[in-house]
Enquirer: 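Below you'll find the structure I mean.
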Amino acid sequence: MSSEKLITFKTSDGEEFKLNEAVVVRSEVIKNLVQDADSTSNVIPLSNVDGKTMTKVIQYWKKYSEEGVTKYQLKSFDQDFLKMSQSELVGVLLAANFFDDKQLKEEIIQEFADRIKAKPIEEIREVFGIVNDYTPEEEEELFLSSVVPF
């Protein structure tokens with residue numbers, strides 16, 4: 001019987017999470033920290049990840065660490081997992097970036113792309129909080145310069 005190594009994380013808002021090493025090594029950053037650490041009692045501080053965001057990241061890691069999960073089940077999980085607010089998505093994306101979890105980053109970036117696909121520029125600006133600092137003349141010029149003549 002092998003003993004499972006538990007890794008403890010402490011988020012920016014003081015929440016602690018104990019996770020099996022097999023789950024957390026999805027993160028390149030954590031994998032390197034675990035390889036460098038001698039003691040299992042170390043707590044890894046996450047100064048830029050809050051508890052709510054870490055809960056979402058852990059949910060994702062656990063699902064993708066399960067044995068015997070089919071691609072169809074993962075696709076269904078992803079669809080449900082990504083049903084979160086814009087700000088929650090941003091938080092999870094920042095955490096995925098911090099943890100260097102390429103797969104999670106790609107999922108979230110694709111979700112952002114899907115959410116803005118075929119939307120007018122005004123809606124995209126609203127979604128991302130972008131202030132339009134172009135004059136109508138500048139917008140016209142940009143539009144005309146992007147049109148390819150036949």
Enquirer: Side-chain polar contacts of residues 116-123 - donor-acceptor pairs under 3.5 angstrom, sequence neighbours left out - could you list them?
Expert:
from   : atom 1 : to     : atom 2 : distance (Å)
Lys119 : NZ     : Arg115 : O      : 3.4

Enquirer: How would you list, by chain and number, every residue that makes a side chain to side chain contact (heavy atoms under 4.5 Å, CB included) with Ser12, sequence neighbours excluded?
Expert: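 For Ser12 the side chain to side chain contact (heavy atoms under 4.5 Å, CB included) partners, ignoring immediate neighbours, are Asp50.
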Enquirer: What residues, two or more places apart in sequence or in another chain, satisfy ring pair (Phe, Tyr, Trp, His ring centres under 6.0 Å) together with Phe99?
Expert: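 Partners of Phe99 by the ring pair (Phe, Tyr, Trp, His ring centres under 6.0 Å) criterion, ordered by chain and then number, come out as Trp61.
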Enquirer: The criterion is side chain to side chain contact (heavy atoms under 4.5 Å, CB included); which residues satisfy it with Phe98, sequence neighbours excluded?
Expert: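 Phe98 satisfies side chain to side chain contact (heavy atoms under 4.5 Å, CB included) with Leu46, Asn48, Val49 only.
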Enquirer: So which pairs with a foot in residues 85-99 pass salt bridge (charged side-chain N to carboxylate O under 4.0 Å, His left out), sequence neighbours left out?
Expert: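 For residues 85-99: Lys52-Glu88.
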Enquirer: Should the ring pair Tyr64 and Phe77 be called parallel, tilted or perpendicular, given that the plane angle runs from 0 to 90° and is split at 30 and 60?
Expert: perpendicular
Enquirer: Find the distance between CG (Leu19) and CE (Met54) and round it off to the nearest 0.5 Å.
Expert: 6.0 Å
Enquirer: How far does CG of Leu82 sit from CG of Leu89, to the nearest 0.5 angstrom?
Expert: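 Those atoms lie 6.5 Å apart.
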Enquirer: Tell me every residue that passes salt bridge (charged side-chain N to carboxylate O under 4.0 Å, His left out) with Glu126, counting only those two or more places apart in sequence or in another chain.
Expert: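 Expected list: none.
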Enquirer: Can you name the one residue among Ile7, Ile44, Val57, Val29 that meets side-chain contact (heavy atoms from CB on, under 4.5 Å) with Val24?
Expert: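 Filter result, single survivor: Ile7.
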Enquirer: Taking C-beta and beyond as the side chain, do Tyr60 and Glu107 meet within less than 4.5 Å on heavy atoms?
Expert: yes
Enquirer: Are side-chain heavy atoms of Glu15 and Phe9 found at a separation under 4.5 Å?
Expert: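 The answer is no, as the side chains (C-beta and beyond) never meet within the 4.5 Å cut-off.
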Enquirer: Sequence neighbours left out, what passes salt bridge (charged side-chain N to carboxylate O under 4.0 Å, His left out) with Asp100? Give chain and number order.
Expert: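 Expected list: Lys102, Lys105.
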Enquirer: Only counting residues at least two apart or in another chain, list the ones meeting side chain to side chain contact (heavy atoms under 4.5 Å, CB included) with Glu16.
Expert: Thr8, Lys10
Enquirer: Looking at CD1 of Ile108 and CE of Met84, how far apart are the two atoms once the value is rounded to the nearest 0.5 Å?
Expert: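 Atom-to-atom, Ile108:CD1 and Met84:CE are 6.0 Å apart.
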Enquirer: According to salt bridge (charged side-chain N to carboxylate O under 4.0 Å, His left out), does anything in residues 53-63 pair up with another residue at least two apart or in another chain? List the pairs.
Expert: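 Passing the test, one end in residues 53-63: Lys63-Glu66.
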Enquirer: Listed by chain and number, what are the salt bridge (charged side-chain N to carboxylate O under 4.0 Å, His left out) partners of Asp133, not counting sequence neighbours?
Expert: none
Enquirer: Taking only residues two or more places apart in sequence, or in another chain, which ones meet Tyr134 in a side chain to side chain contact (heavy atoms under 4.5 Å, CB included)?
Expert: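 In terms of side chain to side chain contact (heavy atoms under 4.5 Å, CB included), with neighbours along the sequence ignored, Tyr134 is linked to Arg125, Asn132, Glu138, Glu139, Leu142.
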Enquirer: Which heavy atom of Ser27 sits nearest to which heavy atom of Ile30, and what is that distance?
Expert: OG-N, 3.1 Å
Enquirer: Salt bridge (charged side-chain N to carboxylate O under 4.0 Å, His left out) with Glu140: which residues, sequence neighbours excluded?
Expert: none
